[in-house]
There are 2 protein chains.
Amino acid sequence: MLPDLEPVNRESTAAIIARQLREAIMTGSLPPGTQLGETELAARFEVSRGPLREAMQRLVSEGLLRSERHRGLFVIDLEPADVYDIYSARCAVERAAAMRLVRGGDRERVAGILADAVKDMAEADKQDDPAALTEADLRFHEALIEASGSRRLARMARTLLIETRMCLSALQGTYRKDYQDVDERVTEHNRIIQALRAGDEAKLLGLLEAHMDDAVQRLAPGTSLYSGPAPAAS
Amino acid sequence: MLPDLEPVNRESTAAIIARQLREAIMTGSLPPGTQLGETELAARFEVSRGPLREAMQRLVSEGLLRSERHRGLFVIDLEPADVYDIYSARCAVERAAAMRLVRGGDRERVAGILADAVKDMAEADKQDDPAALTEADLRFHEALIEASGSRRLARMARTLLIETRMCLSALQGTYRKDYQDVDERVTEHNRIIQALRAGDEAKLLGLLEAHMDDAVQRLAPGTSLYSGPAPAAS
DNA sequence: GGTCGTATGATTGTCAACAATCCGAGGAGT
DNA sequence: ACTCCTCGGATTGTTGACAATCATACGACC
């Protein structure tokens with residue numbers, strides 16, 4: 001009779017606060033190493049310390065915060081080895097998502113969504129807006145995962161994409177100088193869409209791997225997904 | 001001067017409780033769908049509801065608990081589609097771990113650890129102890145991930161292995177009847193070790209995928225990693 | 001001068017009480 | 001018999017207060 005209406009299930013306070021904290025960490029409002037003072041944050045969110053602590057525990061279990069007992073919670077700081085760690089994990093997750101899509105998803109619909117993100121990337125490039133470009137880039141990958149329909153891959157990817165943005169912020173200086181390659185980045189994404197449309201799984205996965213490897217080589221010169229983790233693996 | 005002594009960093013109460021809750025969910029002491037009454041659990045852990053709630057929020061963010069506001073927290077219940085979801089995610093994670101190992105790990109040392117787990121599997125088989133066999137099986141995969149040295153892969157795998165055990169418990173009936181294939185399972189694991197020792201990445205990854213696919217086909221007859229997710233993908 | 005001990009302030013960890021919401025039983029009305 | 005309303009018990013959500021721990025500044029002592 002009525003169109004399928006889903007159960008209400010309102011969001012818990014901890015979930016809302018956790019989301020805002022994630023956003024703050026991702027955008028750099030809470031830079032790596034920052035201590036999260038409970039009193040101050042609780043006042044800012046206009047809640048007591050209870051719900052705030054619950055939210056922070058979520059981020060601890062996601063690996064975005066590190067806890068030192070009786071000392072406080074700190075935003076994790078990324079070491080060089082984390083670049084490889086993050087991107088190899090992303091590669092695994094996005095590979096799996098792509099496989100699901102090719103093997104049983106609505107490829108054409110997804111390709112359209114992805115194409116929108118790439119269009120935004122090109123737009124951001126034309127307007128010389130690096131922040132918007134990064135945002136569109138991440139949205140591309142987020143959409144790819146989302147479209148796979150896997151709750152678990154989505155949850156993993158969410159954290160990994162936040163950490164990716166943290167990497168980019170931390171290495172912003174060295175990132176800018178390679179900025180001329182933005183055309184190539186757009187092309188890479190377009191080729192991925194093309195392979196998805198064609199249903200060419202081998203090519204799609206290969207392009208994804210190469211895409212991740214490119215990023216690793218840009219962010220951590222001298223290392224590569226194909227040459228294995230750095231000696232000081234985390 | 002002194003041998004490298006690491007910072008103390010004691011475990012938080014929430015972390016301890018969270019670990020015990022995970023254990024209880026994994027072993028089936030808290031079956032899927034169970035509501036976690038705060039008063040009762042807090043009394044059992046001999047803490048107040050505060051730390052307990054913090055611990056439970058961790059499990060919510062890991063996806064092991066689902067939260068219904070003003071109603072309570074429940075152990076997730078696994079639907080048929082989750083089998084594919086879990087195993088495809090596991091496949092991705094373990095693939096990535098295996099790649100790291102082949103490309104930059106101490107293959108021989110790891111192979112030894114894995115061989116121990118397989119030996120325990122064979123032992124459990126001889127004594128007709130299915131619980132011990134499952135435990136050894138999971139320890140094999142846990143060790144594989146652990147040896148990869150990736151914090152992120154390890155975190156993902158921890159949750160996935162718990163969910164794997166939940167699947168096995170839920171489908172225990174249909175699992176037992178295929179029990180004659182235990183030799184084959186041991187052999188599969190041994191072949192994986194062999195490929196790892198040889199450093200044959202392509203073979204290693206292929207064996208891992210096949211291993212996961214076998215499990216999917218056993219647990220959810222008619223579906224396969226290679227044929228794509230079921231229509232009602234979660 | 002340098003090191004150790006001590007006190008002080010601030011922060012985190014924990015708890016018990018209060019408020020808000022949900023669920024079920026019971027009864028009135030049709 | 002069925003529906004709706006209401007009420008009571010139980011559970012969750014939130015808060016402020018208290019205890020424990022940590023970091024820093026200051027002063028005593030060698």
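Proteins come first, then strands; the chains are lettered A, B, ... in the order of their sequence lines, and each starts at number 1.
Within the structure, a side-chain polar atom (N or O) of B:Arg71 is placed less than 4.0 Å from OP1 or OP2 of C:dC23. A sub-4.0 Å separation between OP1 or OP2 of D:dT12 and a side-chain N or O of B:Gln35 is present. Side-chain N/O atoms of A:Arg10 include one lying less than 4.0 angstrom from OP1 or OP2 on C:dC22. Checking the phosphate oxygens (OP1, OP2) of D:dG13, a side-chain nitrogen or oxygen of B:Arg53 falls inside 4.0 Å. Here B:Thr13 reaches the OP1 or OP2 of C:dT14: one of its side-chain N or O atoms lies under 4.0 Å away.
Atom CD of B:Glu146 sits in a sparse spot, with 12 or fewer heavy atoms from other residues, nucleotides or ligands closer than 6.0 Å.
As a whole-Å value, the separation of B:Glu46 CD from C:dC15 P is 10 Å. As rounded to whole Å, 15 Å separates atom P of C:dA16 from atom CD of B:Glu38. Going from atom CG of B:Leu73 over to atom C1' of C:dC22 covers 15 Å, rounded to whole Å. In this structure, the CZ atom of B:Arg69 is 19 Å from the P atom of D:dT11, given to the nearest Å.
Backbone-only engagement by B:Leu36 is indicated by non-hydrogen atom pairs under 4.0 Å involving sugar-phosphate atoms exclusively. Residue B:Gly50 is out of contact with every strand shown, counting any heavy-atom pair closer than 4.0 Å.
B:Arg49 contributes a side-chain N or O that forms a donor-acceptor pair with the base of D:dG13 under 3.5 Å.
Between B:Ser48 and B:His70, the one whose closest nucleotide on DNA chain C sits nearer the 5' end is B:Ser48.
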